[in-house]
Amino acid sequence: MTKEVRLRFAPSPTGPLHIGGVRTALYNYLFAKKMGGKFLLRIEDTDQNRFVPGAEEYIKDSLEWLGITFDESPWKPGDSAPYRQSERKASYMQYALDLVEKGHAYYAFDTSDELEAMRERLTAARMVQPQYNSITRTQMKNSLTLPEDEVKARLESGEPYVIRVKIPRKEEVRLNDMIRGWIMVHSSTLDDKVLMKSDGMPTYHLANIVDDHLMRITHVIRGEEWLPSAPLHVLLYKFFGWEDTMPEFAHLPLLLKPDGNGKLSKRDGDKLGFPVFPINWINQETGETAAGFREQGYLPDAFLNFLAFLGWNPGDDREIFSLEELIEAFSIERIGKAGTKFDIAKAKWFNEQYIRAMSTTELADFLIADAKAEGVEVSREKAEAIVQLTKDRVTFPADFWSQNKFILQKLEAFDQAIASKKWNQEAVKVLTAYAGELDQFDGTFDAGSAKSLLEATAEAQGIKLGKVMQAVRLSVTGSGVGPDLMEVFAILGTKEVANRIRFALDTLEIID
RNA sequence: GGUCGGUUCGUCUAGGGGUUAGGACGUAUCCCUUUCACGGAUAAAACACGGGUUCGAUUCCCGUACCGACUACCA
């Protein structure tokens, strides 16, 4: 029997999850499902200073909105529980000590001032890399330089210490990345990273490797920012003696800002003119709200579809994929290597495609709800008629109300630019007559009959309809643009159309 | 600075030793439409540069340039 495929998404709750993180979660999810494996959520909250209240719930809510589900998580524990590293704290020290015992790690007592001084000294001496490594550690205060009994004494006295990994001086570290192929680095360029912090918490490097091992993770799909520390992770697997079960790595290209300067970050907020977060995030300190895609009107499936295509493609011309179809089509081989700039126009296009694929009934719900929020009651029938007429004109569900509220409530104003050009004697004549005809009309008032009545009216006045059409639109909608006017008439009904025409006749000033 | 990674239309990308370098978004024009949009059609638009290897390189190799990530007791 082959090994069960297990992937994890391991965010740290230091703020809202941004879209790059969401894409990472999505790719992990897609691959796990594609392989018939398991997908777990692990919260990496080892940095107590950066913990942000609400961030964990935010992660949960965001992924739930998108339909990215976990087989195991803090809220759905499996046999790898617990799923928060803070709750696993007790287990890390023994692994660090194991490494110390094997000679792959050591205690270090240097204070932050001393570390700072070391870096300054090295920088002044034009050392290329002021880091704690196989050379510089010989001049620092650690269990490699201090006498054994002094180390023991310091430990026993409760003096703060960290445990650092002892990077070998000369070793070629190789890593076969699923996206990038073989990557080789020399251990001399690596530094002795801290594994256990003085507060007793592990750093990412230790906790990540230990937990991935304990949780039997088979594939690690993460952002490219982790590539430089991947060799360290490979070394740690080796030091622990876990090479045989080391997961495969795939480092994803980064999501870049549209201007091409740097990776997209949480701090970009909505400065870029579009959200960087899946759902609204309220900063509890400042009270400010950072916009989310959900609140801007993006449909979860459309957003997911868009995100999936940022760095991946199925190899053919298809672009519209449901989550199920994405799982079916997904493969790591088809993930690109280059960073990806974010293009909001394409996101909007995806949203439009998804809206058009939705049923009139579903879309009418949005219009009814939005209208109600503005104190306007709309009948189901009318809402569906409006949606039917306008569904290929909107980008977001909220557009149904904002673009068509002129149908549902009193006109607020007339477009003066149109009025000053089109509201002439002829228009007034036709409209006056048409209002009268409408009063007497007793057939079925639909787009067809509305139009023939209007045509007949204009003809009776000896006026070409085309010449006054803009004025007709203006009188009833207040605007020069909009959906098919005769369909709008049909939705409005004879009485309302006649009323609006008379109101316009009373309000607008005739030119010439 | 160092280490690592990357580079096909403005953007997302397909392709890969011989192609009119394909698609999508966006842009422009035309058609449709008594408006706008939708839809349809068309157009402009790319292999970073320099060397090799080769009969032939956008594709393979090496340099250069540029972009990016990393370089914390953050993840």
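No hydrogens, no waters, no symmetry mates; every other heavy atom, side chains included, goes into these values.
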- Hits for side chain to side chain donor-acceptor pair (under 3.5 Å) against A:Tyr95, two or more places apart or cross-chain, chain-then-number order -> none
I'd like a list of close polar pairs between nucleotides 27-34 of chain B and the protein, N/O only, cut-off under 3.5 Å.
unit_1	atom_1	unit_2	atom_2	d
B:rU34	N3	A:Gly466	N	3.4

Considering only the [atom1] atoms, how many Å lie between [N] and [M], rounded to the nearest integer?
| N | M | atom1 | answer |
| --- | --- | --- | --- |
| B:rU64 | B:rG23 | P | 37 Å |
| B:rC47 | B:rG10 | C1' | 16 Å |
| B:rA44 | B:rG39 | C1' | 22 Å |
| B:rA45 | B:rU11 | C1' | 12 Å |
| B:rG26 | B:rC67 | C1' | 23 Å |
| B:rU19 | B:rU58 | P | 11 Å |
| B:rA21 | B:rA46 | P | 12 Å |

What's [X] touching, base or sugar-phosphate or nothing? Going by heavy atoms closer than 4.0 Å.
| X | value |
| --- | --- |
| A:Ser198 | base |
| A:Pro253 | nothing |
| A:Val162 | base |
| A:Arg334 | sugar-phosphate |
| A:Val194 | sugar-phosphate |
| A:Arg473 | base |
| A:Phe309 | sugar-phosphate |
| A:Gly336 | nothing |

Nucleotide opposite [N] in a Watson-Crick or G-U pair, distances under 3.5 Å:
| N | result |
| --- | --- |
| B:rG18 | B:rC55 |
| B:rU71 | B:rG1 |
| B:rA48 | B:rU64 |
| B:rC9 | none |
| B:rA28 | B:rU42 |
| B:rU35 | none |

Presence of salt bridge, [Y] and [X], under 4.0 angstrom:
| X | Y | answer |
| --- | --- | --- |
| A:Lys391 | A:Glu362 | no |
| A:Asp211 | A:Arg88 | yes |
| A:Asp191 | A:Lys193 | yes |
| A:Arg356 | A:Asp392 | no |

Taking ring pair (Phe, Tyr, Trp, His ring centres under 6.0 Å) as the test, write out the residues that go with [X], two or more places apart.
| X | value |
| --- | --- |
| A:His213 | A:Trp242 |
| A:Phe239 | A:His104 |
| A:Trp349 | none |
| A:Phe309 | A:Trp312, A:Phe321 |

Return yes if a side-chain donor-acceptor contact under 3.5 Å exists between [X] and [Y], otherwise no.
| X | Y | result |
| --- | --- | --- |
| A:His251 | A:Arg180 | no |
| A:Tyr107 | A:Asn142 | no |
| A:Glu384 | A:Thr360 | no |
| A:Arg334 | A:Asn313 | yes |

- List in numerical order all residues of residues 40-47 of chain A for which some heavy atom is under 4.0 Å away from an atom belonging to RNA chain B. A:Glu44, A:Thr46, A:Asp47
- Item | Within residues 312-322 of chain A: residues closer than 4.0 Å to RNA chain B (heavy atoms) | A:Asn313, A:Asp317, A:Glu319
Is there a side-chain contact between [X] and the phosphate of [N], meaning an N or O under 4.0 Å from OP1 or OP2?
| X | N | result |
| --- | --- | --- |
| A:Lys341 | B:rG10 | no |
| A:Thr340 | B:rU13 | yes |
| A:Lys346 | B:rC12 | no |

Dump the pairs, protein N or O against N or O of nucleotides 69-71 of chain B, anything under 3.5 Å, distances to one decimal.
unit_1	atom_1	unit_2	atom_2	d
B:rA69	OP1	A:Lys263	N	3.4
B:rC70	OP1	A:Lys263	NZ	3.4

- Any residue meeting side chain to side chain contact (heavy atoms under 4.5 Å, CB included) with A:Arg84, in chain and number order, not counting sequence neighbours: A:Ile43, A:Asp45, A:Glu56, A:Pro74, A:Trp75, A:Ser86, A:Glu87
- Message: Using the side chain to side chain contact (heavy atoms under 4.5 Å, CB included) criterion, which residues pair with A:Lys197? Sequence neighbours excluded.
- Response: A:Thr46, A:Asp47, A:Val194, A:Asp199, A:Met201, A:Thr203
- Does A:Glu285 CD have over 12 foreign heavy atoms under 6.0 Å away? no
- What one should report as the nearest heavy-atom pair of A:Val220 and A:Ile217 is CG2-CG2, 4.1 Å
Atom-pair distance ([atom1] on [X]; [atom2] on [N]), nearest Å:
| X | N | atom1 | atom2 | value |
| --- | --- | --- | --- | --- |
| A:His251 | B:rG6 | NE2 | C1' | 15 Å |
| A:Asp177 | B:rC4 | CG | P | 15 Å |
| A:Asn404 | B:rA37 | CG | P | 16 Å |
| A:Ile135 | B:rG2 | CD1 | P | 18 Å |

- Item | A:Tyr27-A:Phe330 aromatic ring centre distance below 6.0 Å | yes
Which nucleotide, [options], lies nearest any side-chain atom of [X]?
| X | options | value |
| --- | --- | --- |
| A:Lys337 | B:rC74, B:rC25, B:rG6 | B:rG6 |
| A:Ala345 | B:rG26, B:rC74, B:rC12 | B:rG26 |
| A:Thr189 | B:rU3, B:rC25, B:rG6 | B:rU3 |

- Item | Test item: A:Ser187 side-chain N/O and A:Pro168 main-chain N/O as donor-acceptor pair under 3.5 Å | yes
- Query: When you measure from the side chain of A:His18 to the backbone N and O of A:Leu264, does any donor-acceptor pair fall under 3.5 Å?
  - Reply: yes
Write out a two-atom table: protein N or O, nucleotide N or O from nucleotides 39-46 of chain B, distance below 3.5 Å.
unit_1	atom_1	unit_2	atom_2	d
B:rG39	OP1	A:Arg356	NH1	3.4

- Note on the structure: Nearest-nucleotide check on RNA chain B, A:Ile179 vs A:Gln85; residue mapping nearer the 5' end is A:Ile179
